[in-house]
Amino acid sequence: MTCNGCSNQQTCNSCNGGYYLDQFTYQCGACSTACVTCTSATVCTSCANSYYLNGNVCSPCPPNCFQCLSSAVCSICVQGYVANQGVCQ
């Protein structure tokens, strides 16, 4: 179920994570891949692990990176790797 709170069977007031509330239909739509929260199908506001917010979309982090600031700078590496000047080694 994608609707978190409803005023009736066809009108949602809020949506579960990974979905957004369409302001015209009051139905929940899915966020794009790797997007945890969004305001529409194409505008992400937060991303899943191993992705970073690049404008309004989620882009992948560098290899072996759990959390990053950009496609080139890793802040937290996956287990077994350490960050050295933004690169997981």
Exercise. Under 4.5 Å between any side-chain heavy atoms of Cys77 and Cys65, yes or no?
Worked result: no

Exercise. Has the side chain of Thr45 got a donor or acceptor atom that lies under 3.5 Å from a matching backbone atom of Thr37?
Worked result: yes

For this session: Kindly indicate whether the side chain of Pro62, heavy atoms from C-beta on, has any atom under 4.5 Å from the side chain of Ser71.
Result: no

Problem set entry | With sequence neighbours excluded, residues passing side chain to side chain contact (heavy atoms under 4.5 Å, CB included) with Ser40 | Thr42, Val43

Problem set entry | Partners passing side-chain hydrogen bond (donor to acceptor under 3.5 Å, both in side chains) against Ser14 (at least two apart in sequence or in another chain) | none

Exercise. Where do Val36 and Ala48 come nearest, in terms of heavy atoms and distance?
Worked result: CG2-N, 3.3 Å

For this session: Kindly check if Cys68 and Cys61 bring their SG atoms closer than 2.5 angstrom.
Result: yes

For this session: Sequence neighbours left out, what passes side chain to side chain contact (heavy atoms under 4.5 Å, CB included) with Asn13? Give chain and number order.
Result: Ser7

For this session: Share the residues that join Ile76 in a hydrophobic cluster, the rule being Ile, Leu, Val, Met, Phe, Trp or Tyr side chains under 4.5 Å apart at the heavy-atom level.
Result: Phe66, Val78, Tyr81

Problem set entry | By side chain to side chain contact (heavy atoms under 4.5 Å, CB included) - contacts of Gln89 (at least two apart) | Asn84, Val87

Seminar exercise, completed: Those residues at least two apart in sequence (or on a different chain) that pass side chain to side chain contact (heavy atoms under 4.5 Å, CB included) with Cys35 are Cys31, Ser32, Cys38, Cys44, Cys58

Seminar exercise, completed: Output for pair (Gln27 CD, Tyr20 OH), nearest 0.5 Å, gives 11.0 Å

Exercise. Rounded to the nearest 0.5 Å, how far does SG of Cys28 lie from CG of Leu21?
Worked result: 6.0 Å

Exercise. Quick one: SG on Cys15 to CG on Asn4, what's the gap to the nearest 0.5 Å?
Worked result: 8.0 Å

